[in-house]
Amino acid sequence: MGLANTKTLAKLANHLAKKRSLNGTYHLEASSPELAELGIEELWGVGAAYQRRLAAVRVKTVADLARVSEAWMQKEFGVVGLRLLKEVRGEACYGLEAPVESRKSMIVSRSFAQDVLELSVLSEAVARYATRLGEKLRRYGQQTEAITVFVWANRFKPQENMPLQCSALSMELPLASSNTNELIHWAWLLVRKLYQPGVRYKKAGIMATALRPQTNVQMNLFVDEASSLRSAQLMQALDGINRKMGRNTVYFAACGNRPEWGPKAERRSGRFTTRWGELMRV
């Protein structure tokens, strides 16, 4: 985790935290000597074109950039370049962004720790992703009118008579919903149509589109409104338990309990800001 007065320096600090810090955090200031060791390519937003133009005036490190005049930087790179220079000097030009209150689409997708060959295992994974999707929808107070399920074959292990592929199917829901049980039900129908025996699946996911506010849903004459209300109350109780007792304390049996398809996380950074059990000890 990087700490600094500006977003650009915080991004650099985060990069250093992964390589040099023993406790997972790194504090960086505009006067820090580490800036003389970091190339300008490490800066957020500096690409090959920036590097070539800066190298022409012997600007190779972040410290070199901090010594450039503001007038020259604005003339050569415009207001974006000027903001970059000020950020490197410790003057914040990019404020904190307000949290997103609604989204146009949502997606949950993961690669498997090992190839999946069985339909039952693939279905469990998609059910787990549908569960996460439902949680995200309810968190933002939204419902989806359509979902897409997709699966990827392992492109590093091509098989005879099995062309490299990414398959996907979409469908409109009878009634806009964020209920996990309904998302799992429809996702299972799609994954059964997508599944091909013998294919080594490496990744799967589910996407929600045509989102609308939870309070603005057009009812369907052929869908029991009372049943939908009971499902919504069930989801509220389930979310409450999982928030209090921990994720996956209560889940649908369709998600299974086999970790072999789960994503690898051996190299994951410490989750200091989101997990009580991983808080730093000083």
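Only this structure's heavy atoms are used, side chains among them; waters, hydrogens and symmetry mates stay out.
The same ILVMFWY cluster, assembled from side-chain heavy atoms under 4.5 Å apart, contains both Val80 and Val62. In the hydrophobic clustering of ILVMFWY residues, with side-chain heavy atoms under 4.5 Å counting as a link, Leu82 and Val68 come out apart. Cluster membership for Trp152 and Val121, using ILVMFWY side-chain heavy atoms within less than 4.5 angstrom, is not shared. Linking Ile, Leu, Val, Met, Phe, Trp and Tyr whenever their side-chain heavy atoms come within less than 4.5 Å leaves Leu3 and Leu38 in two separate clusters. No path of Ile, Leu, Val, Met, Phe, Trp and Tyr side chains, each step under 4.5 Å between heavy atoms, connects Leu137 with Met235, placing them in separate hydrophobic clusters.
Donor-acceptor pairing under 3.5 Å is lacking for the side chains of Thr8 and Arg83.
Of all the heavy atoms in Val116 and Glu118, the pair that sits closest is CG1-O, 3.6 Å. Asp115 and Arg200 make their closest contact through OD2-NE, 2.9 Å (heavy atoms, listed as atom of the first residue, atom of the second, distance). In terms of heavy-atom proximity, Trp188 sits nearest to Ser123 at NE1-O, 3.1 Å. Shortest non-hydrogen contact noted between Ala130 and Ile184 is CB-CG1, 3.9 Å. Gln51 and Val46 get closest at one heavy-atom pair: CG-CG1, 3.9 Å. Closest heavy-atom contact between Thr180 and Gly134: OG1-CA, 4.4 Å.
Between Leu35 and Leu28, some side-chain heavy-atom pair lies under the 4.5 Å cut-off. Leu173 has its side chain out of reach of Glu182: every pair of non-hydrogen atoms, C-beta onward, lies at least 4.5 Å apart. The side-chain heavy atoms of Glu42 and Glu37, taken from C-beta on, include no pair separated by under 4.5 Å. Within the 4.5 Å cutoff, the side chain of Asn248 has no heavy atoms near those of the Asn242 side chain. Proximity of Ile147 to Trp186: side-chain heavy atoms (C-beta onward) are separated by under 4.5 Å at one or more points. Looking at Leu84 and Leu65, their side chains come closer than 4.5 Å, going by heavy atoms from C-beta outward. The shortest distance between side-chain heavy atoms of Leu211 and Tyr140 does not fall below 4.5 Å.
Thr144 places a side-chain N or O within 3.5 Å of a backbone atom of Thr209 that can act as its donor or acceptor partner. Under the 3.5 Å distance criterion, the side-chain polar atoms of Ser105 are left unmatched by any main-chain donor or acceptor of Ala208. Judged by distance alone, the side chain of Glu87 and the main-chain N or O of Tyr94 form a donor-acceptor pair under 3.5 Å. Panel note: side chain Arg67, backbone Val59; no donor-acceptor pair is recorded below 3.5 Å. The main-chain N or O of Gln196 is found under 3.5 Å from a side-chain atom of Tyr201 such that the two form a donor-acceptor pair. In this structure, the side chain of Glu135 does not engage the main chain of Asp239 through any donor-acceptor pair within 3.5 Å. A donor-acceptor pair under 3.5 Å is formed between the side chain of Arg138 and the backbone N or O of Ser178. Checking side-chain atoms of Asn5 against main-chain N and O of Glu91 turns up no donor-acceptor pair under 3.5 Å.
Each of Val151, Leu190, Val191 was scored for a side chain to side chain contact (heavy atoms under 4.5 Å, CB included) with Leu169, with one residue passing: Leu190.
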Go through it in stages, so that I can follow the logic: the residues are Leu43 and Tyr50, the test is side-chain contact (heavy atoms from CB on, under 4.5 Å), and I'd like the CA-CA distance, side-chain angles, deciding distance and then a yes or no. CA-CA 10 Å; Leu43 280 174; Tyr50 263 50; over 6 Å; no
Show your working on side-chain contact (heavy atoms from CB on, under 4.5 Å) between Ile107 and Phe150 and close with a plain yes or no. CA-CA 11 Å; Ile107 187 171; Phe150 58 89; 3.8 Å; yes
Kindly determine whether Asp64 and Ile40 satisfy side-chain contact (heavy atoms from CB on, under 4.5 Å), including the steps that lead there. CA-CA 9 Å; Asp64 292 339; Ile40 55 172; 5.9 Å; no
Begin from the C-alpha positions of Met1 and Thr25 and carry the test side-chain contact (heavy atoms from CB on, under 4.5 Å) through to its verdict. CA-CA 5 Å; Met1 182 170 61; Thr25 62; 3.8 Å; yes
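Interatomic distance, Leu133 CG to Ser109 OG, rounded to the nearest 0.5 Å: 11.5 Å. Atom NE2 of His15 and atom NZ of Lys11 lie 11.0 Å apart (nearest 0.5 Å). The OG1 atom of Thr6 lies 11.0 Å from the CD atom of Glu29; values are rounded to the nearest 0.5 Å. Here the straight-line distance linking atom CE of Met106 with atom CZ of Arg139 works out to 8.0 Å at 0.5 Å rounding. Separation of atoms CG (Asn179) and CD (Gln233) is listed at 10.5 Å; rounding is to 0.5 Å. Here CD1 of Ile241 is found 14.0 Å from OH of Tyr251. Values are rounded to the nearest 0.5 Å.
A parallel orientation is assigned to the rings of Tyr129 and Phe112, their planes being inclined by less than 30° (bins at 30° and 60°).
Within a 6.0 Å radius of NZ in Lys136, more than 12 heavy atoms belonging to other residues, nucleotides or ligands are found.
Using a 4.0 Å cut-off between charged side-chain N and carboxylate O, Arg89 and Glu70 make a salt bridge.
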